[in-house]
Amino acid sequence: MAEGAFIRDVASFEGREVEIRGWVYNSRSSGRIHFLILRDGTGFMQAVAVQGQLPDRAFQAAGFAPQEAAVVARGLVRADRRAPGGYELELRDLEVLQGSPGYPLTLKEHGVEFLMDHRHLWIRSPRQHALLRVRAELIAACRDFLDSDGFTLVDAPILTPAAAEGTTTLFEIRYFDRSAYLTQSGQLYNEAAAMAFGKVYCYGPTFRAEKSKTRRHLIEFWMIEPEMAYCDLEQCLEVEERMVSAVVARVVERRRPELAVLGRDVSKLEKIRPPFPRISYDEAVEMLQRAGHSIKWGDDFGAPDESYISQQFDLPVFVLRYPAACKAFYMQPDPARPEVVLGADLLAPEGYGEIIGGGQRIHDLELLQARIREHGLNEANYGWYLDLRRYGSVPHSGFGLGIERTLAWMAGLEHIREAIPFPRLLHRIYP
RNA sequence: UCCAGGUUAGCUCAAUGGUAGAGCGCCCGGCUGUUAACCGGGUGGUUGCAGGUUCGAGUCCUGCACCUGGAGCCA
């Protein structure tokens with residue numbers, strides 16, 4: 001009786017007979033010898049069917065099994081340097097559970113639209129498989145870092161009664177007999193949680209109904225958002241650079257084979273260590289003006305501006321103290337220069353741009369009320385939020401890290417649409 | 001919403017205004033070590049849609065739809 005095994009572990013089964021339950025990734029045949037590349041979710045492995053070494057029924061099946069047929073393969077694990085991966089399965093039996101000819105994704109090139117229409121099948125391919133494994137590692141690394149650093153996970157709601165920030169376009173939905181909105185950030189709820197637990201984070205999807213059509217925008221994307229009570233901007237930045245460095249190091253350590261499949265130059269990631277360089281918004285504007293960008297003090301950065309700044313550094317770079325007018329209403333003004341806020345964006349290197357936005361929040365009740373009015377927001381919607389400034393308000397800070405943008409940088413992607421299993425884009429909500 | 005490029009076989013792409021093709025897929029056959037296997041044969045088209053110019057349009061013109069890239073907006 002053959003033992004069940006995963007392809008990931010076959011090296012430890014050398015010389016033994018195992019059963020692999022998976023799918024046919026590709027097959028070749030020379031008549032009396034068939035080669036099947038099997039995949040089982042943990043890896044890819046060549047299986048060889050030699051006439052006479054397995055029942056005729058199974059040998060025939062090996063010759064006819066179409067691409068992506070579900071198969072249960074039993075055989076002897078052998079080291080063989082002719083096999084991709086170094087080990088192969090010498091088949092003793094093969095059962096085809098189900099399959100159909102004409103699998104849409106051949107091993108040749110396909111266009112973006114065709115691949116996106118078949119995203120449900122595309123995620124089976126080696127590159128997408130490697131990428132989504134890196135994504136899983138990235139998320140686990142973020143959570144493990146925070147969990148072991150004294151943070152408590154306190155999830156924020158996805159259905160919200162009003163705009164969190166008032167700046168971006170929200171998806172409006174029916175909530176029984178009234179309107180509600182899909183969350184654009186868990187931050188406001190995080191602030192409540194921080195006053196209850198000290199150091200908290202939330203992890204979940206966020207939704208922006210903006211008609212952005214670029215390689216760095218998704219309509220639905222995932223953010224991890226830490227928030228800390230008794231924390232100023234400086235302390236917040238320190239957490240950010242420690243977290244990003246730890247996460248990069250862990251992905252490089254544990255997902256090196258996947259990064260190799262993706263063709264990522266890992267040496268660039270191995271340089272990511274704190275401290276990260278810091279420039280002020282003022283300096284960034286000067287830098288851009290020297291490079292010929294048409295930007296003046298007070299403007300927010302456009303995509304080419306952000307990209308240029310990030311290309312000037314080998315490490316992620318903090319841009320600090322933006323004009324208050326560019327940022328959300330809750331950002332704490334710099335006491336020394338009230339026209340700028342104690343906030344910072346973190347721009348990933350190699351032109352990838354913003355992966356984190358964050359900073360210190362307003363903790364003074366009257367100032368916050370004034371800002372809500374200045375931004376044309378309805379104070380009635382923020383009653384609970386203002387309560388946080390009435391009952392034990394303290395300086396606090398936090399940030400949000402965009403998972404897909406961070407993954408796009410770490411994996412060296414051309415477009416963010418590959419960084420999430422089923423992307424929602426301006427003109428795409430299928431599959 | 002704006003700008004640019006594109007739309008030809010299931011897929012990826014060719015085709016001076018003059019007979020619509022290739023590779024892959026799929027089907028049939030061959031091959032006992034293949035590496036996106038290979039070899040032979042077969043299958044496959046309202047050239048995005050609607051008009052127009054022309055003896056003749058995949059090719060030129062107009063409109064529309066859709067795709068891709070970028071901008072703006074934003075993380």
Side-chain angles (χ1 to χ4, degrees), chain A residues 25-37 44-53 59 62-64 66-68 78 80-86 88 90 100-118 121-122 125-127 164-170 183-187 205-225 299-307 326-328 343 345-348 352-358 399-406 408-409 414-417 419 425-428:
Chain A
Y25 171 65
N26 192 23
S27 64
R28 291 178 276 271
S29 171
S30 295
R32 287 182 183 72
I33 180 167
H34 304 308
F35 299 91
L36 304 180
I37 308 295
F44 294 77
M45 178 186 200
Q46 177 162 283
V48 187
V50 177
Q51 195 167 37
Q53 291 186 343
F59 179 78
F64 283 104
Q67 199 185 348
E68 288 300 324
R78 282 198 296 105
D80 191 318
R81 54 185 177 76
R82 292 170 297 185
E88 68 181 17
E90 198 176 276
S100 302
Y103 183 72
L105 302 181
T106 66
L107 273 53
K108 298 282 181 179
E109 280 181 30
H110 295 290
V112 171
E113 187 185 10
F114 186 78
L115 288 170
M116 293 301 295
D117 282 342
H118 295 86
L121 303 176
W122 190 20
S125 73
R127 179 184 159 84
E165 305 186 3
T167 54
T168 59
T169 319
L170 299 173
T183 183
Q184 62 187 171
S185 164
Q187 190 214 307
T206 51
F207 307 87
R208 308 280 166 98
E210 270 139 17
K211 299 199 170 176
S212 299
K213 188 176 172 295
T214 79
R215 67 177 70 184
R216 59 180 62 172
H217 286 88
L218 291 166
I219 302 301
E220 177 182 304
F221 65 98
W222 292 68
M223 273 207 294
I224 194 154
E225 297 179 273
D299 292 342
D300 206 350
F301 299 134
D305 303 322
E306 212 175 72
S307 194
C326 298
K327 291 291 177 183
D345 287 349
L346 183 66
L347 309 186
Y352 279 93
E354 183 175 356
I355 55 172
I356 286 180
F399 63 95
L401 177 143
I403 293 296
E404 290 80 11
R405 283 188 176 180
T406 304
W409 160 50
E414 291 290 320
H415 199 297
I416 199 168
R417 64 184 158 224
L425 301 163
L426 183 52
H427 297 300
R428 175 171 293 279

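Residue numbers begin at 1 in each chain, while the letters A, B, ... track the order of the sequences.
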Min side-chain heavy-atom separation H110(A)-L105(A) under 4.5 Å:
yes
Closest to the V48(A) side chain, choosing from rG72(B), rG10(B), rG33(B)
rG33(B)
Any Y352(A) side-chain heavy atom under 4.5 Å of S307(A) side chain:
no
Return the nearest nucleotide to the side chain of K211(A); candidates are rA75(B), rG72(B), rC31(B).
rG72(B)
Round to a whole Å and report the spacing from CD1 of I33(A) to P of rG30(B).
17 Å
Where the side chain of H427(A) is defined as all heavy atoms beyond and including C-beta, which of rU34(B), rC67(B), rU12(B) is the nearest nucleotide?
rC67(B)
Pair R428(A) + E113(A): basic N to acidic O under 4.0 Å
no
From CG of L426(A) across to C1' of rA71(B) the rounded distance in Å is 13 Å
For the residue pair K211(A) and H427(A), establish whether any side-chain heavy-atom pair is separated by less than 4.5 Å.
no
rG33(B) base to R78(A) side chain: any donor-acceptor pair below 3.5 Å?
yes
Closest of rU32(B), rU34(B), rC31(B) to the S29(A) side chain is rC31(B)
For rC67(B) and R417(A) - does any side-chain N or O of the residue sit under 4.0 Å from the phosphate oxygens OP1/OP2?
no
Using a distance-only criterion (donor-acceptor N/O pair, under 3.5 Å, no hydrogens), is the base of rG6(B) paired with the side chain of E113(A)?
no
So, D300(A) and K327(A), do they make that salt bridge, N to O below 4.0 Å?
no
Here the distance between atom P of rC11(B) and atom CG of D117(A), to the nearest Å, is 10 Å
The nucleotide from rC73(B), rG33(B), rC74(B) with an atom nearest the side chain of T214(A) is rC73(B)
Where the side chain of F114(A) is defined as all heavy atoms beyond and including C-beta, which of rC74(B), rG10(B), rG33(B) is the nearest nucleotide?
rG10(B)
Check every atom of rU32(B), rA75(B), rU12(B) against the side chain of E109(A) and return the nucleotide holding the closest atom.
rU12(B)
So, under a plain 3.5 Å distance rule, would you say the side chain of R32(A) forms a donor-acceptor pair with the base of rU32(B)?
no
Where does RNA chain B pair, written as one dot-bracket string 5' to 3', with Watson-Crick or G-U pairs under 3.5 Å, ( ) inside the strand, [ ] for crossing pairs and | for another strand?
(((((((..((((....[..))))((((((.......))))))....(((((..]....))))))))))))....
Write down the distance between OH (Y352(A)) and C1' (rA75(B)), rounded to a whole number of angstrom.
17 Å
Side chains of F114(A) and M116(A): closer than 4.5 Å at any heavy-atom pair?
no
In whole angstroms, the gap separating P of rU12(B) from NE2 of H118(A) amounts to 10 Å
Is F221(A) stacked on the base of rA75(B), with ring centres under 5.5 Å apart and planes under 30° apart?
yes
Test salt bridge (Lys or Arg N to Asp or Glu O under 4.0 Å) applied to R216(A) and E306(A), step by step:
CA-CA 12 Å; R216(A) 59 180 62 172; E306(A) 212 175 72; 3.3 Å; yes
Beyond-backbone contact of H34(A) with F59(A), side-chain heavy atoms, under 4.5 angstrom
yes
Using the C1' atom as the reference point in each nucleotide, state the distance between rG6(B) and rU59(B) in Å, no decimals.
15 Å
How many whole angstroms separate atom CD of E354(A) from atom P of rC74(B)?
11 Å
What pairs of nitrogen or oxygen atoms, one from the protein and one from nucleotides 41-48 of chain B, lie under 3.5 Å apart?
none

Measure from NZ on K213(A) to C1' on rG72(B) and round the result to the nearest Å.
13 Å
Correct closest heavy-atom pair for H217(A) and T214(A) would be ND1-OG1, 2.6 Å
Could you give me the CA-CA distance, side-chain angles and deciding distance for E220(A) and T206(A), then say whether side-chain hydrogen bond (donor to acceptor under 3.5 Å, both in side chains) is met?
CA-CA 6 Å; E220(A) 177 182 304; T206(A) 51; over 6 Å; no
Closest listed nucleotide, where the reference is the side chain of V112(A) and the choices are rU68(B), rA71(B), rG33(B):
rU68(B)
From rC74(B), rC73(B), rG69(B), nucleotide with atom closest to H415(A) side chain:
rG69(B)
Does a side-chain heavy-atom distance below 4.5 Å link P104(A) with L121(A)?
yes
Within this structure, what is the NZ-to-P distance between K327(A) and rC73(B), rounded to whole angstrom?
13 Å
Could you work out which one of rU12(B), rC73(B), rG33(B) sits closest to the side chain of E88(A)?
rG33(B)
Please list, for nucleotides 20-27 of chain B, all pairs of protein and nucleotide N/O atoms separated by less than 3.5 Å.
none

